[in-house]
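Side chains are part of it too, since the values below use all heavy atoms of this structure and drop only hydrogens, waters and symmetry mates. Owing to the predicted nature of the structure, the values given are computational and were not obtained by experimental measurement. Numbers for residues simply follow the sequence, beginning at 1. Whatever order the structure lists them in is the order used to number ligands and atoms, beginning at 1.
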Amino acid sequence: MLVQETSLKDEIMRLKKEKDVIILAHNYQIPDVQDVADFTGDSLGLSRQAAKASQKTILFCGVHFMAETAAIICPDKKVLIPDLQAGCSLSDSITINELRNWKKQHPGAITVGYVNTTAEIKSELDYCCTSANAVNVVKAIPADKEILFLPDMFLGSYVAKVTGRKNMFIWAGECHVHAGIKPEDITKKLDSLKDAEFVIHPECSCTTPMMYDVASGSFDGKRVSILSTEGMLNHVSNSKAKNFVVATETGILYKMRQQNPGKTFIPASEKAECQYMKMITLKKVYDSLVQEKNQVIVPKEIADKARLAIERMLTIS
Ligand code: 13P
Ligand code: SF4
């Protein structure tokens, strides 16, 4: 098994060079897939890597909306995904008709959509954002403009709280993985690891109550940071703390442990696994490289409309 996997990895490394392919992998991918990637990162970082890639093919190890974003940014490249069925419950939480109706109810409002949306939804947006730059995207919009923020309600509430924005309407969507991380999971873990710092993804259902707890001082001096996946990785490396409770998909623990061998990381919830991210296996990466199959194609009229919102996202850090 081990030998087979090693040779599969070697073959992937050889093939990607031979075929001029760049492999991008999200921080939630399984360790074997992260190991063969040229870059690992969060949604924003991977979009940036796609935009500046010199290779003619991008093999995107992540979920479908991420590969679609790469295909929109790089219309002249071939974008492949190892499994076309790797979806996202958050991006499924708003349909194009729901968005169009919502916009009709708020004429003149600026639409800000999380990158976790389909290409069709993005084609109806003014701005796209990720967890890493959502606050700054909202800050860039004139204060007198109404904002429709979609689809994640926890990220939306977090952004509204941080920016103090009152004229922001938030879609009631959620990611089932992050919504499943409850405040009680965190309290239990923090109690068991007394001097731990706590890092939390803004999609988590515990973000909102946690912000109030932090504000009211009920964390008793514990340090809490609300960050994107790449923001978490940077934070834990730079922090002097030795122990961390991590509230996001458990795939991120691989890189955290690899980059910080002297530190301890425990997941806020062991059950926080995204089955869509885990659909990407080493064998599927290999197959899609060999056969150049599972191309992600975004129709030109949708891609051309969606590109503006994505380019705005890429210019705001
Ligand atoms: P990041 O942009 O923080 O990587 O998050 C993407 C995502 O899908 C979170 O579930
Ligand atoms: Fe989508 Fe949630 Fe999976 Fe991220 S963790 S890809 S938001 S379902």
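- Every N/O-N/O distance between Thr130 and ligand 1 stays at or above 3.5 Å.
- A donor atom on one side chain and an acceptor atom on the other are not found under 3.5 Å apart for Glu230 and His235.
- Scanning the protein heavy atoms around atom 6 (C) of ligand 1, the nearest turns out to be Ser43 OG, 3.3 Å.
- For the pair Arg312 and Tyr127, the distance from NZ or CZ to the six-membered ring centre is under 6.0 Å and the angle to the ring normal is within 45 degrees.
- Among all non-hydrogen protein atoms, the one lying nearest atom 1 (Fe) of ligand 2 is Cys88 SG, 2.4 Å.
- The shortest heavy-atom distance from Met277 to ligand 1 is not under 4.0 Å.
- Using a 4.0 Å cutoff on heavy atoms, Gln275 does not count as a contact of ligand 2.
- The distance from ligand 2 to the heavy atoms of Asn116 drops below 4.0 Å at these ligand atoms: 7 (S).
- With ligand atoms numbered from 1 in the order given, ligand 2 contributes 7 (S) to contacts under 4.0 Å with heavy atoms of Glu203.
- Put simply, the side chain of Asp42 does not reach to within 4.5 Å of the side chain of Met232, judged on heavy atoms.
- The aromatic rings of Tyr276 and His176 lie perpendicular to each other, with more than 60° between the two planes, well past the 30° mark.
- The distance from ligand 1 to the heavy atoms of Ser228 drops below 4.0 Å at these ligand atoms: 3 (O).
- For the residue pair Thr248 and Tyr28, a side-chain donor N or O sits within less than 3.5 Å of a side-chain acceptor on the partner.
- Under the 4.0 Å criterion applied to side-chain N and carboxylate O atoms, Lys278 and Glu249 are assigned as salt-bridge partners.
- Summary of contacts: the protein heavy atom closest to atom 3 (Fe) of ligand 2 is Cys274 SG, 2.4 Å.
- The atoms of ligand 2 that sit less than 4.0 Å from any heavy atom of Ser89 are 8 (S).
- Judged purely by distance below 3.5 Å, without hydrogens or angles, the side chains of Thr118 and Glu68 never pair a donor atom with an acceptor atom.
- For ligand 1 and Tyr28, the ligand atoms under 4.0 Å from any heavy atom of the residue are 7 (C), 9 (C), 10 (O).
- A salt bridge between Lys305 and Glu301 is absent, with no side-chain N of the basic residue lying under 4.0 Å from a carboxylate O of the acidic one.
- Shortest contact from atom 9 (C) of ligand 1 to any protein heavy atom: Glu203 OE2, 3.1 Å.
- By the criterion of a heavy-atom distance under 4.0 Å, the side chain of Asn116, and not its backbone, is placed next to ligand 1.
- Looking at atom 5 (O) of ligand 1, its nearest protein heavy atom turns out to be His201 NE2, 3.3 Å.
- At a 4.0 Å cut-off, not a single heavy atom of Glu230 sits close enough to ligand 1 to count as contact.
- Salt-bridge annotation for Glu270 and Lys189: present, with a side-chain N of the basic residue lying under 4.0 Å from a carboxylate O of the acidic one.
- Contacts with ligand 1 closer than 4.0 Å are made by no heavy atom of Glu249, backbone or side chain.
- Assignment of Cys175 to the shell around ligand 1 is not supported, since no heavy atom sits closer than 4.0 Å.
- For the atom pair CD of Glu311 and CD1 of Ile72, the computed distance is 10.5 Å after rounding to the nearest 0.5 Å.
- Taking the centre of each ring, Phe154 and His178 stay at or above the 6.0 Å mark.
- Asp35 and Tyr254 form a side-chain donor-acceptor contact under 3.5 Å, judged by distance and modelled atom types alone.
- The closest heavy-atom contact to atom 4 (Fe) of ligand 2, among the options Tyr28, Tyr276, Phe65, Tyr114, comes from Tyr28.
- At a cut-off of 2.8 Å, Cys175 is counted among the residues with an N, O or S atom near atom 2 (Fe) of ligand 2.
- Taking a cut-off of under 4.0 Å to the non-hydrogen atoms of His178, the atoms of ligand 1 that pass are 9 (C), 10 (O).
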